[in-house]
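Whatever order the structure lists them in is the order used to number ligands and atoms, beginning at 1. Hydrogens, waters and symmetry mates are skipped; everything else that's a heavy atom, side chains included, is used.
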Amino acid sequence: MRARVAVLVGGKGRGSNMANLVRAGREGLMPAEVVLVLSPAEGTPAVDAAFELGVPVRILPKEDVSTFILENLYKFEVEWLCLAGYLQLLPPEVVHALSGRLLNIHPALLPKFGGKGMYGVHVHKAVLAAGETESGCTVHLVTEVYDEGEVVLQKRCPVLAADTPETLAARVLALEHEAYPEALALLVERAARVP
Ligand code: GRF
């Protein structure tokens, strides 16, 4: 039985992790399939990409986000929610309802370079400013606190002397596309073993 997954993208979402998870499911690289995309905004590259991939999209309302999310997860029979670029904290009702089945991906090696304001290019700028020789990405379970929760999987890459935030971001993004399907597969398989 393949796990049914929704992906919640960001408001300015590029959607590359979402599209990658859709492909990974369709190509059988993980025992899961993306059946729903949630987005806080219409007309973003992520929403366009979801339409092109033929995945149903629902746009979050401005109010009562938790009822909307939980109703749609129920309607689409979704048990797992993957955040991919979504920057807000989710309401506690959603976090609790999905406990252990709510994931996020972060473009650094948590617990370093996480927390509020640490997103996108800000993360890579901070990594370079700190003189790190290594960076990477982290897939973790989501709690009510930014970038906390059990680390499911990390992948590492070198930081090169000539790196700019953009070159480092590209290297980390390639790792993200390996890490997210692998992490989801690990968790789905782990859940299947628990009676
Ligand atoms: C990724 O770098 C991810 O780590 C972070 O937001 C970005 C989303 O990129 N949480 P994309 O929209 O999936 O391309």
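- Scanning the protein heavy atoms around atom 10 (N) of ligand 1, the nearest turns out to be Ile105 O, 2.8 Å.
- Residue contacts with ligand 1: Ser16 is placed with a nitrogen or oxygen under 3.5 Å of a nitrogen or oxygen of the ligand (distance criterion only).
- A salt bridge is defined here as a Lys NZ or Arg NE, NH1 or NH2 lying under 4.0 Å from an Asp or Glu carboxylate O, and Glu79 with Arg101 meets this definition.
- In this structure, the protein non-hydrogen atom closest to atom 2 (O) of ligand 1 is Glu176 OE2, 3.0 Å.
- Glu77 and Arg2 are not joined by a salt bridge, as no carboxylate oxygen comes within less than 4.0 angstrom of a charged side-chain nitrogen.
- Side chains of Gln154 and Thr138: a donor-acceptor N/O pair is present below 3.5 angstrom, by distance only.
- Closest approach of His122 and Gly117 over heavy atoms only: CB-O, 3.7 Å.
- For atom 12 (O) of ligand 1, the nearest non-hydrogen atom of the protein is Gly15 N, 2.8 Å.
- Comment: Lys112 engages Glu132 in a salt bridge, judged by a side-chain N to carboxylate O separation of less than 4.0 angstrom.
- For the pairing with Met18, the side chain to side chain contact (heavy atoms under 4.5 Å, CB included) check across Val47, Val9, Leu8 returns one residue only, Val9.
- Among protein heavy atoms, atom 8 (C) of ligand 1 sits closest to Gly85 CA, 3.8 Å.
- Annotation: atom 13 (O) of ligand 1 to nearest protein heavy atom, Asn17 N, 2.9 Å.
- Every atom of ligand 1 with a heavy atom of Arg14 under 4.0 Å away is listed here by number and element: 9 (O), 11 (P), 12 (O), 14 (O).
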